[in-house]
Amino acid sequence: MSRYNPKVTEAKWQRQWDEAALFRAEQTPDKPKYYVLEMFPYPSGRIHMGHVRNYTIGDVLSRFYMSRGYNVLHPMGWDAFGMPAENAAMEKGTHPADWTYDNIAAMRTQLKQVGLAIDWSREIATCDPSYYGHEQALFLDFMEAGLVYRRESWVNWDPVDQTVLANEQVIDGCGWRSGAPVERRKLSQWFLKITEFADELLDDLKALERWPEKVRTMQENWIGRSEGLQFSFEIEGLEDRLEVYTTRPDTIFGASFCAVAVDHPLALKLAETNADLMAFIKECQRSGTSQEALEAAEKKGFNTGLVARHPFDEGSDLPIYVANFVLMDYGTGAIFGCPAHDQRDLDFARKYGLAVRPVVVPHDQSPDAFSVGAEAYTGPGRLAHSHFLDGMSIEDAQAHVIGLAEKGGWGRGQVTFRLRDWGISRQRYWGTPIPIIHCEHCGIVPVPRDQLPLVLPEDISFDKPGNPIAHHPDWKHTTCPRCQKPALRETDTLDTFVDSSWYFIRFTAPQSDRPIDRAAADYWLPVDQYTGGVEHAILHLLYARFFTRALKRCGHLDLDEPFAGLFTQGMVNHMTYRDEAGQWVFPSLVRENDAGALIRSDSGLKITAGRVEKMSKSKRNVVDPDDIIDQYGADTARWFVLSDSPPERDLIWTETGIEGAWRFTQRLWRLVSAAQGALVAPGTPVRADLSGDSLDLRRSVHKAIEGVTGDITGLHLNRAVARLYQLANAIAAADVPNIDPACYREALEMLVRLVSPMMPHLAEELWQSLGHKTMLTGAPWPEADPALLVEDSVTIGVQVGGKLRDTIDCAKDASGPDVEALALASDKVRRAIGDQTIRKIVVVPNRIVNIVI
RNA sequence: GCCCCUGUGGCGGAACUGGUAGACGCGCCAGACUCAAAAUCUGGUUCUCGCAAGGGAGUGUCGGUUCGAGUCCGACCGGGGGCACCA
C-alpha cells in the first residue's frame, strides 16, 4: 500500500480548486450569504503558527457554510501600514514600501500553501493608494459630518532623538533607542468624536449575543459610563471656584482633601509663581503618557496651600493638592478625596497624614466601631457621621446630595464616560496622509476630492530623527485650493487603527471606485463570524464599531454593528529552551542524546527546558509553518492546530502532537485504501433493516454527523476532532466481513466528508479514490438520520449518600419507582446501605439515583 | 494600580441547563509482527491501600449552598490578556 504523499496531493487539489474558482464569492439572491473573516495580518515577513491557527479556524467555517448552501465571502488582505516598516528602513535601509510588498508576496505564498478557501481576487493592502485614497475620502466625509476636530494632546517625547515615541517604545520611562528619560509634550493633533456615540456603543453591546461575554464586559468597562455629581468648591481667598466631578456624592462628609491634575489650569497658574510647584509638575511629567505608567506610579501630591470650602460642613475645609493620580482627561480633572471609601485616596491620605473618616458603614457593623485600616471600604452600607444623610442608603444619599446641589445652584447631576475621543494623528511616514492643507489665510482646508488619493512621497530619507514627511524637501509645500497662495500640507498620517476600521467593508467591493459600494455592503454585511486574538478585544473592535456608525451617519451604510459573531482565539505557545551558555535555542535544534539528555544538534551544548510561553522570536520558541508543511503537509498542520485545545484557549505546540496528527492522516489514508477492493459501487443505498454490528456502526456514524455538525456550529472544533478520532476508531474496529457493504461504504464516506473542512486536501483525494468523479469541496453537508440517534436504554449511576456505588442499565425514560427498584436490587448498593435507614431516594430520570441515608 | 479571563491525571484536554470526573489525543508500560529496528496492531494507564475482592482520596487553596458541586456563591493563591502611539 502506498503512503500518502501530501506534497503532491495538496498542490494538485489547490490547483484544481483554483481552476474551478470555487472560492470566488458570488453575490446572488438565490442563496443566503455568510461572511467569514479573520483579522487580517500585519505583513511582518513570514506567517507564524498563530496565523495558521486563526486562518484554519476561519477556513473550517468557510468550507462548512459553503457546503451548507451559503454564498460564502472569505477574503484576505494586509494591515500594511505601521512602525515595523519604518524600523526596518532605519535599521536596514530598505524602503518601507519595498519591505512591505516583499513581505506580502512571501506571506501570500505561505498562506496559499495552507490550502485556505479564500477569494484571493479580493485581496487588498492598506498601504496601497487604491485603498488609502478612499480612506482619505472617508476622513473628509467625517469632517463634513462634524466628527473630526483638532486639539492639543500629550505625546511621549524623546528629547535626544527629537521624536514622538509610541508607548511600547517607552521602556521604564526611557526612550528605547536613546535611553533618555521621556518627557511629555503637547502637540496639536486630529481627533475623531467617538464619544458622540458613547451611549450607543454601550447600549448596543447588549444585543451582540454572539460575542464573548468577556469582550462585552471589557468594552463596557472601557466606555465606563458613570452617573455622578459635578459641582464647584469655593476657594478661600480666590475668585475662581474649583470644579470637581465625583461618582460618590454620598461620601461628601468623608472628604478630607481636594486634588487637581498636574496639567489642570489651576496647577499651571499657581506654578507660574511657585517654583517648587513647577518643579513638582515637571517631575510628574517625566514619565510616559500611558495609563499604566501613570497609575502604577507612586501617588504623589503637592500641597498648594489653598483651601476649598466644604459646601455643608463649615468647620472642615479641604486642602487642595496637585496630584499625579488625578487625570485631566476624566471628569473635570479635579476631585475631592474621600480616603475611607476609595483606595487611591486612602493611599494618598496615609502618605500625607490626612484624615480618614468612614461615612458608609456595612450593614452588620455599628457606626461608632467601624474603622478603615489599609483597605478602603467600597461595599454597600448605611450613611453615618454625615449629618442629614445619616441612616440613608448609598443610592438615596447620592440622589439627595445631587438634589441639594441642583436646588442650591452649585452643582448638577452629570453622566460621565471614561471613553475619550480617538486621537488619530501620528508623526510618522508609513501611514495614510491626512488630506488637509494648512493655509495662513484660509486656515484648515481639505484637499479637494479630485486630488485624492494624496499619495505619500516615495523619495524619503530616514537619516534624521523625527517625522520623515516633515523633513521631505518639497512634499508639504503646496498651494491653497481656496486662495491659491502658498500653503503647507498636513504632515501627520493616520493611526493604523483607522485602516483596520473599515477593511472588512472594502472587502465587499474591493475594486469599486467609490470607498464603499452600497449594494455590495448591504448584501454581505454584517460579518457573520469574525475571528482573531483577544488582544484586540477593546481598541480595534470598538473603533470598528464606531466607524460603522460614523459611516452610517454619512450615508455609506445602513448598519450599526459590523460583526454579528465574534470569536477570540487563544495564542500558540511552545516550550522554551536555553543552552548552557544561556542562549535561547530554536526547538528545531533540540535533540535528545543517548543518555536522554537534551542537547543542541549544532554545538552539542546541553539544554534545559523552560516554561511554556507564547511563541516569540526573542525567545526563539517558534516553529516555522513552512517547515511543518514541508515535512507533514498542510492538512496535518491544520488538524493539529484544531485538535486538543479549545480554540478560545491557548494551544501548546508540541513535536509529539504534530506527529500524532501525522499518524492520523496516514491512518485515514490506510483505512480507505484498505477497503478499496471490497467496496460496493458509490451510491448503493443502505438497507433499512440493519442489525447487530452493522446497525451499531451506522449509529456511530450518524451520531458523529450530528455531533460534528453541532461542534462546528458552536465552534467547539477540538471536540469535533475528538469525535472524528472516535469515528475512525469505530470504523477501524469493525469486523469488515460481518458488516453490510453499503453500510461500510457509508461509514467511510461520512468520515471523509466530516473531516473535509479540517483536512480538505486529503478528503478530496480519498473522495476520489472512493470512486467519486466530482469534487467534495462545496458538496452538500451530510444529514444525520434522526431515527439512528435515539437510544432505548441508558446506564445511570446509583449513589448512596452522594457516593457512587454502582451503575444500572434501565429503559430510557423509565419511571421513578422502576428505577428505584432496580437500584435497590443491586448487591453493591445494599452493602453500602447496610443497616442504615433510608431517609429519601432522589431519582433523576436518565441521569442518577441518590439514596439518602 | 485598574479592568477582563484562566487553573481538572505524567501532559493537552472532555464532562449538555448542578447528576457515573478523566471522552479523545500525547506520553508511558506490557504483548503481537520482525533476524533486528522503524512503522503498524492488541491490551493497560488519576493517585493511594490491598495478592485479590474491595476500600479511601481526588478538578489551584480554604470556606459555604445542595440529596448531590469541576460546574453555583465568598475569600485567597498562581498564570495570561488589555490599559487609548505595537499590531
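First the proteins, then the strands, lettered A, B, ... as listed; each starts at 1.
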Can A/Lys214 and A/Glu648 be counted as an ion pair, charged N to O under 4.0 angstrom?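 No, this pair does not count.
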
With a 3.5 Å limit on both atom pairs, tell me what [N] is paired to, counting Watson-Crick and G-U wobble, or say none.
N	result
B/A87	none
B/U66	none
B/U71	none

Taking the same atom, [atom1], in [N] and in [M], what whole-Å distance lies between them?
N	M	atom1	result
B/G9	B/A57	C1'	14 Å
B/G22	B/G70	P	12 Å
B/U48	B/A39	P	29 Å
B/G68	B/C47	C1'	23 Å
B/U8	B/A15	P	15 Å
B/G12	B/U61	P	16 Å

Passing option when A/Phe40 is tested against A/Tyr530, A/Trp78, A/Tyr503 for ring-ring contact (aromatic ring centres under 6.0 Å, His included):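 So the option named by the test is A/Tyr503.
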
Identify which nucleotide among B/G56, B/G19, B/A87 has an atom closest to any side-chain atom of A/Arg805, counting heavy atoms from C-beta outward.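 Minimum distance to the A/Arg805 side chain belongs to B/G56.
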
Look at the side chain of A/Gln427 and the base of B/C85, then say whether one donor and one acceptor between them are separated by less than 3.5 Å.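 Yes, a donor-acceptor pair under 3.5 Å.
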
